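Take a look at the structure below.
The analysis underlying the following values was restricted to heavy atoms, covering all of them including side chains, and did not include hydrogens, waters or symmetry mates. This is a predicted model, so every value here is computed, not measured.
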Amino acid sequence: MAHARIKSKILVYFFRSPFLTVSFKKYKHNIDENHKKRDILGNSYNDEGWLVCSDDGRCKNPKTFSRAFSDMLRRKGVRHIRFHDLRHSCCSIYLASNVPLAVTSKLLGHSSINITANIYAHLMEESITDAGEKINEAIGNIHPKKE
């Protein structure tokens, strides 16, 4: 996550999920090493808040991270996708799992729920259909059909 900053407390909770705990633990060693380098470099260290950064604290070139991700996919025999596509996949899973839009928006770091709704509106079509079916079921239960 070369270009990912921890923007809010909600993202810290996100990293506590079992799915990401393993990945995050792999970076923990690097983060500790970077903190040691910060102590050594003092004012020369650029603490910009990056989760993964170069030795001097600056953001790593995103192309370097993307290449490493592509190489990993190739080694694992997985179809190539862009690293950023994982973000969209994650959002799709949240919405398909009925995670509230407001929570999904916060987890993605969007400044507004409207941004999430506009970008992912096409994924909510099924939810709209489901909502219609639920209201039909509720009305049918209130006023059962006469036989």
Legend entry - Least distance between heavy atoms, T116 atom then L108 atom: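 Looking at all heavy atoms of both residues, the shortest contact is CG2-CD1, 4.2 Å.
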Inset, instruction - Write down the atom of F69, the atom of I81, and the distance for their closest heavy-atom approach. - result: CE2-O, 3.5 Å
Inset, instruction - Ignoring hydrogens and angles, tell me if any N or O in the side chain of S97 forms a donor-acceptor pair with the backbone of I93 under 3.5 Å. - result: yes
Legend entry - Under 3.5 Å: donor-acceptor pair, side chain of S112, backbone of N114: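 Checking the backbone N and O of N114 against the side chain of S112, a donor-acceptor pair under 3.5 Å is found.
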Distance (rounded to the nearest 0.5 Å) between [X] [atom1] and [Y] [atom2]:
X	Y	atom1	atom2	value
N46	N43	CG	CG	10.0 Å
S54	K37	OG	NZ	9.0 Å
L107	C91	CG	SG	9.5 Å

Inset, instruction - For the pair D85 and R82, find out whether any cationic side-chain nitrogen is under 4.0 Å from an anionic carboxylate oxygen. - result: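 Salt bridge flag = yes for R82 with D85.
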Legend entry - Parallel, tilted or perpendicular: rings of F65 and F83 (30°, 60°): perpendicular
Inset, instruction - Decide yes or no for T104 and Y120: does some side-chain heavy atom of the first lie under 4.5 Å from some side-chain heavy atom of the second? - result: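 T104 does not reach Y120 side chain to side chain.
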Legend entry - Close side-chain approach of Y45 to I40, heavy-atom, < 4.5 Å: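 They are not in side-chain contact.
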So, using side chain to side chain donor-acceptor pair (under 3.5 Å) as the criterion, who are the partners of [X] when residues are at least two apart?
X	answer
S66	none
H80	S70
S89	none

Legend entry - Chi angles and distances behind the salt bridge (charged side-chain N to carboxylate O under 4.0 Å, His left out) call for D71, R74: CA-CA 5 Å; D71 291 345; R74 189 171 34 260; 2.4 Å; yes
Legend entry - Step-by-step side-chain contact (heavy atoms from CB on, under 4.5 Å) determination, I119 to H110: CA-CA 11 Å; I119 294 171; H110 289 161; 4.2 Å; yes
